[in-house]
Amino acid sequence: MKERYIGMVLSSATIGEYDKRVVILTKENGRFSAFARGARRPKSPLSAVTEPFCFGEFYVFRSRDSYTVEEVRATDFFPELRKDLDSLYMGLYFCEVADYFTREGMSAKSELELLYRALLALSDAAIQPELIRRVYELRMLAISGYAPHYSEEEKCWHDDIGVWKLSDTATYAVGQILGRKLSELFSFKVSDAVLSELSACVGRFFKRNTDRAFRSLNALEI
């Protein structure tokens, strides 16, 4: 049965001499793996559209136990990310995080939009890449059911482990990350001091709620 999905390629691997295996995150069906037959042939129409960051409409044949990509109508490739190694690996890290938090058969509308807007922000370079990363990590955790809560009485954020001891400005920034519409999420900047606070607390929170070593992140930290 042929099906249409709106989605993005998270990763791509070679299979045999001419084929690829891709992981696609879709709005309608979450994250799943699919074969792209002949995608490694030089003139294949699937060659460029089965690489990470490709966003668009995916026409997929679904059999009982597998998916096969038949056609892709791409609307964005995020080519700017491939011009700089740090941007490339950060983008791949975002894709790995999306892969970690999504599952097949479960709608991933918010996760897909968050990933798309994070890559747009990273391509634009209007705000600090480190801020984009921390905003992305915290909002992805929130979408997945993990989020700190704010105590009005104590004027601070709490998670399951303890208290986030932040300045007033950083406390406000966390509220913005958790509460803004996704379309407005990457439209603010913070000072270096506030970014340092966010990096420390979000970094600890993210590590406590994940159990995977992300390969792209390791490349960034070399």
Side-chain angles (χ1 to χ4, degrees), residues 3-13 21-34 49-58 60 62 67 69 72-78 81 87-124 127 129-149 159 174-188 198 202-203 205-217 220:
E3 300 176 342
R4 171 188 173 274
Y5 299 109
I6 300 295
M8 182 184 295
V9 176
L10 300 182
S11 63
S12 176
R21 176 184 173 273
V22 294
V23 177
I24 307 169
L25 178 63
T26 66
K27 179 176 68 174
E28 305 88 350
N29 193 38
R31 181 256 299 159
F32 60 84
S33 298
V49 296
T50 50
E51 290 297 312
F53 312 139
C54 178
F55 178 86
E57 299 176 62
F58 292 79
V60 177
R62 183 177 185 177
Y67 296 86
V69 178
V72 181
R73 298 178 185 176
T75 57
D76 209 333
F77 293 92
F78 299 96
L81 299 181
S87 296
L88 173 63
Y89 281 114
M90 186 69 80
L92 292 173
Y93 169 61
F94 291 168
C95 288
E96 282 192 80
V97 170
D99 183 289
Y100 180 87
F101 282 104
T102 55
R103 299 290 182 270
E104 181 180 343
M106 300 178 65
S107 172
K109 179 180 179 181
S110 295
E111 293 91 338
L112 179 62
E113 182 178 355
L114 176 61
L115 174 59
Y116 181 82
R117 294 193 181 279
L119 294 180
L120 278 180
L122 195 60
S123 299
D124 184 52
I127 64 176
E130 177 68 9
L131 178 58
I132 298 171
R133 171 186 171 181
R134 300 310 181 180
V135 170
Y136 178 77
E137 289 173 338
L138 183 54
R139 191 57 177 264
M140 184 66 80
L141 284 168
I143 291 171
S144 302
Y146 306 92
H149 62 278
D159 60 33
V174 171
Q176 292 297 299
I177 295 169
L178 295 174
R180 282 194 177 202
K181 296 179 180 178
L182 292 177
S183 59
E184 301 171 355
L185 190 57
F186 298 97
S187 60
F188 69 95
L198 291 176
V202 174
F205 187 54
F206 189 81
K207 285 182 179 179
R208 287 202 300 266
N209 288 284
T210 53
D211 58 3
R212 175 189 298 180
F214 296 95
R215 291 175 299 173
S216 300
L217 187 58
L220 279 170

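We count residues from 1, following the sequence as given.
- Taking 4.5 Å as the limit, some side-chain heavy atom of Ile177 sits within range of a side-chain heavy atom of Phe188.
- For Phe101, the CZ atom is densely surrounded, since the number of other residues' heavy atoms within 6.0 Å is greater than 12.
- With contacts defined as side-chain heavy-atom distances shorter than 4.5 Å, the pair Leu178/Pro148 qualifies.
- Between Ile24 and Val69 there is a side-chain heavy-atom pair separated by less than 4.5 Å.
- Salt-bridge check for Glu113 with Lys109: failed, with every basic side-chain N at 4.0 Å or more from each acidic carboxylate O.
- Remark: Arg31 CZ to Arg103 CZ distance equals 5.5 Å, nearest 0.5 Å.
- In this structure, Tyr100 and Glu96 have side chains that are not in contact, with every pair of non-hydrogen atoms separated by 4.5 Å or more.
- Scanning both residues, Gly30 and Ala108, for their nearest heavy atoms gives CA-CB, 3.9 Å.
- Of all the heavy atoms in Pro52 and Ser11, the pair that sits closest is CG-CA, 4.1 Å.
- Here the straight-line distance linking atom CG of Leu138 with atom CG of Leu185 works out to 9.0 Å at 0.5 Å rounding.
- With a 4.5 Å cut-off on side-chain heavy atoms, Leu122 and Phe94 count as touching.
- With rounding to the nearest 0.5 angstrom, the OG atom of Ser123 is 3.5 Å from the CG atom of Leu81.
- Aromatic ring centres of Tyr116 and Phe78: separated by under 6.0 Å.
- Taking all atoms of both residues into account, the shortest heavy-atom contact from Ser33 to Tyr67 is O-CD1, 3.5 Å.
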Margin query: Let's go through Leu217 and Arg212 carefully: what are the C-alpha distance in whole Å and the side-chain angles of both, what is the deciding distance for side-chain contact (heavy atoms from CB on, under 4.5 Å) to 0.1 Å, and is it a yes or a no?
Written below: CA-CA 11 Å; Leu217 187 58; Arg212 175 189 298 180; over 6 Å; no
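- Looking at Met90 and Ile132, their side chains never come closer than 4.5 Å, going by heavy atoms from C-beta outward.
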Next item on the list: Evaluate side-chain contact (heavy atoms from CB on, under 4.5 Å) for Val135 paired with Ile127, printing each intermediate quantity in order.
Entry: CA-CA 11 Å; Val135 170; Ile127 64 176; over 6 Å; no
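- Separating the CD atom in Glu137 from the OH atom in Tyr93 is a distance of 3.5 Å, to the nearest 0.5 Å.
- Contact check for Glu51 versus Phe53: no side-chain heavy atoms found under the 4.5 Å cut-off.
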Check: Should Thr26 and Phe58 be marked as a side-chain contact (heavy atoms from CB on, under 4.5 Å) after you check the CA-CA gap, both sets of side-chain angles, and the distance that decides it?
Finding: CA-CA 9 Å; Thr26 66; Phe58 292 79; 5.7 Å; no
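- More than 12 non-hydrogen atoms from other residues, nucleotides or ligands lie less than 6.0 angstrom from CZ of Arg180.
- Atom CZ of Arg215 has 12 or fewer neighbouring heavy atoms from other residues, nucleotides or ligands inside a 6.0 Å radius.
- Within the model, atoms CG of Leu25 and CG of Leu112 stand 5.0 Å from one another, a figure rounded to the nearest 0.5 Å.
- For the residue pair Glu111 / Thr102, no side-chain donor-acceptor distance below 3.5 Å is found, with atom types taken as modelled.
- Leu119 approaches Gly91 most closely through the heavy-atom pair CD2-CA, 3.7 Å.
- In this structure, the side chains of Arg62 and Tyr5 come closer than 4.5 Å at one or more pairs of heavy atoms.
- The two residues Cys95 and Leu10 have their closest heavy-atom pair at CB-O, 3.6 Å.
- Note that the CG atom of Leu115 and the OG atom of Ser110 stand 12.5 Å from one another [nearest 0.5 Å].
- In this structure, Phe206 places its CZ atom where more than 12 heavy-atom neighbours from other residues, nucleotides or ligands lie under 6.0 Å away.
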